Amino acid sequence: MTRLRLLLFLIALLPLLAGAATLTLRVDKRARTLVVLADGQPIRSYRVSLGSHPLGTKHEAGDGRTAEGQYDIRVKNPASRFYRSLGISYPGPDDALRGLEAGLISDNGYRRIMAAHAAGEVPPWDTRLGGALFIHGGGATFDWTDGCVALDDADMRELFDLIDQGTQVEIRP
């Protein structure tokens with residue numbers, strides 16, 4: 001059944017990909033959905049779970065919140081402890097500025113985050129802002145992560161095969 005669902009999804013996607021459609025991801029925290037868009041048009045939606053304290057944006061490591069803002073996929077891990085995972089470029093420039101202004105990170109921490117962003121690399125995950133935020137498998141029945149976005153494993157397999165590094169991710173409140 002899962003392979004049939006994937007095959008039907010890919011067949012429906014072919015016309016969009018033939019025109020070199022740009023895929024992006026949009027996470028709506030309130031609706032608990034992750035939507036795949038092709039040139040801005042929704043083509044697939046998945047149910048998600050979030051951090052254990054989902055209201056508001058991530059402020060610092062350990063707060064159980066899921067970040068909000070504009071990010072991209074920097075890491076694809078086919079052997080994650082949560083099935084498969086897509087690493088998000090958190091903390092990004094907006095997070096770094098907020099962290100610097102709040103005294104959560106130093107000037108050096110800010111520069112490290114900005115340099116990683118400019119180079120398209122994984123940002124430092126060792127600051128007080130936290131990091132290692134992923135879209136991963138493990139289940140989407142209740143909010144349980146440390147701030148990641150979790151899908152059911154079958155959905156994660158489908159998404160993982162579809163999404164490339166560099167794909168833009170918008171996380172909305």
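Because the structure is a prediction, the values reported are computed rather than measured. Side chains included, hydrogens not; waters and symmetry mates left out as well; all remaining heavy atoms used.
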Note, Tyr110 side chain near Thr127 side chain (heavy atom, < 4.5 Å)
no
Kindly work out whether a path of hydrophobic side-chain contacts (I/L/V/M/F/W/Y, heavy atoms less than 4.5 Å apart) joins Val169 to Leu86.
yes
CD1 (Ile171) and CG (Leu25) are apart, to the nearest 0.5 Å, by 9.5 Å
Give every donor-acceptor pair under 3.5 Å between a side-chain atom in residues 137-151 and any protein atom, sequence neighbours left out.
unit_1, atom_1, unit_2, atom_2, d
Asp143, OD1, Arg32, NE, 3.2
Asp143, OD1, Leu50, N, 2.8
Asp143, OD2, Arg32, NE, 3.2
Asp143, OD2, Arg32, NH2, 2.6
Trp144, NE1, Gly139, O, 3.0
Thr145, OG1, Leu50, O, 3.2
Thr145, OG1, Gly51, N, 3.2
Thr145, OG1, Gly147, N, 3.1
Thr145, OG1, Cys148, N, 2.9
Thr145, OG1, Cys148, O, 2.8

Working to the nearest 0.5 angstrom, can you tell me the gap between Arg65 CZ and Lys29 NZ?
8.0 Å
Any side-chain heavy-atom pair from Leu37 and Arg26 closer than 4.5 angstrom?
yes
Would you say the side chain of Ile135 lies within less than 4.5 Å of the side chain of Met156, judging by non-hydrogen atoms?
yes
Salt-bridge criterion met for Glu170 and Arg172 (N-O under 4.0 Å)
yes
Report yes if some heavy atom in the side chain of Tyr46 is under 4.5 Å from a heavy atom in the side chain of Val36; otherwise report no.
yes
Does Trp125 use its side chain to pair, donor to acceptor, with the backbone of Leu133 at less than 3.5 Å?
no
Ring geometry between His136 and Phe82 (parallel below 30°, tilted from 30 to 60°, perpendicular above 60°):
parallel
Within a strict 4.5 Å, meaning less than it, do heavy atoms of the Glu158 and Asp153 side chains meet?
no
Between OG on residue Ser89 and CD on residue Gln165, distance to nearest 0.5 Å:
11.5 Å
salt_bridge(Asp63, Lys58) N-O dist < 4.0 Å
yes
State, yes or no, whether a side-chain contact exists between Val27 and Thr33 at a heavy-atom distance under 4.5 Å.
no
If a pair satisfies side-chain hydrogen bond (donor to acceptor under 3.5 Å, both in side chains) and one of its residues is in residues 71-86, list it, with sequence neighbours excluded.
Tyr71-Asp95, Asp72-Arg74, Tyr83-Arg157
Looking at Pro91 and Pro124, what are the two nearest heavy atoms and their distance?
CD-O, 3.6 Å
Can you hop from Val122 to Phe160 via hydrophobic side chains spaced under 4.5 Å?
no
Would you give the length of the straight line joining atom CG of Leu129 to atom NE2 of His59, rounded to the nearest 0.5 angstrom?
10.5 Å
Are Asp126 and Arg112 within salt-bridge range, i.e. N to O under 4.0 Å?
yes
Nearest 0.5 Å please: distance from the CE atom of Met114 over to the CG atom of Leu100.
10.5 Å
So do Leu23 and Leu162 actually touch side chain to side chain, heavy atoms under 4.5 Å?
yes
Within the structure provided, determine whether Asp28 and Val35 are in side-chain contact (heavy-atom separation under 4.5 Å).
no
Neighbour count >12 (heavy atoms, 6.0 Å) for atom CG, Asp94
no
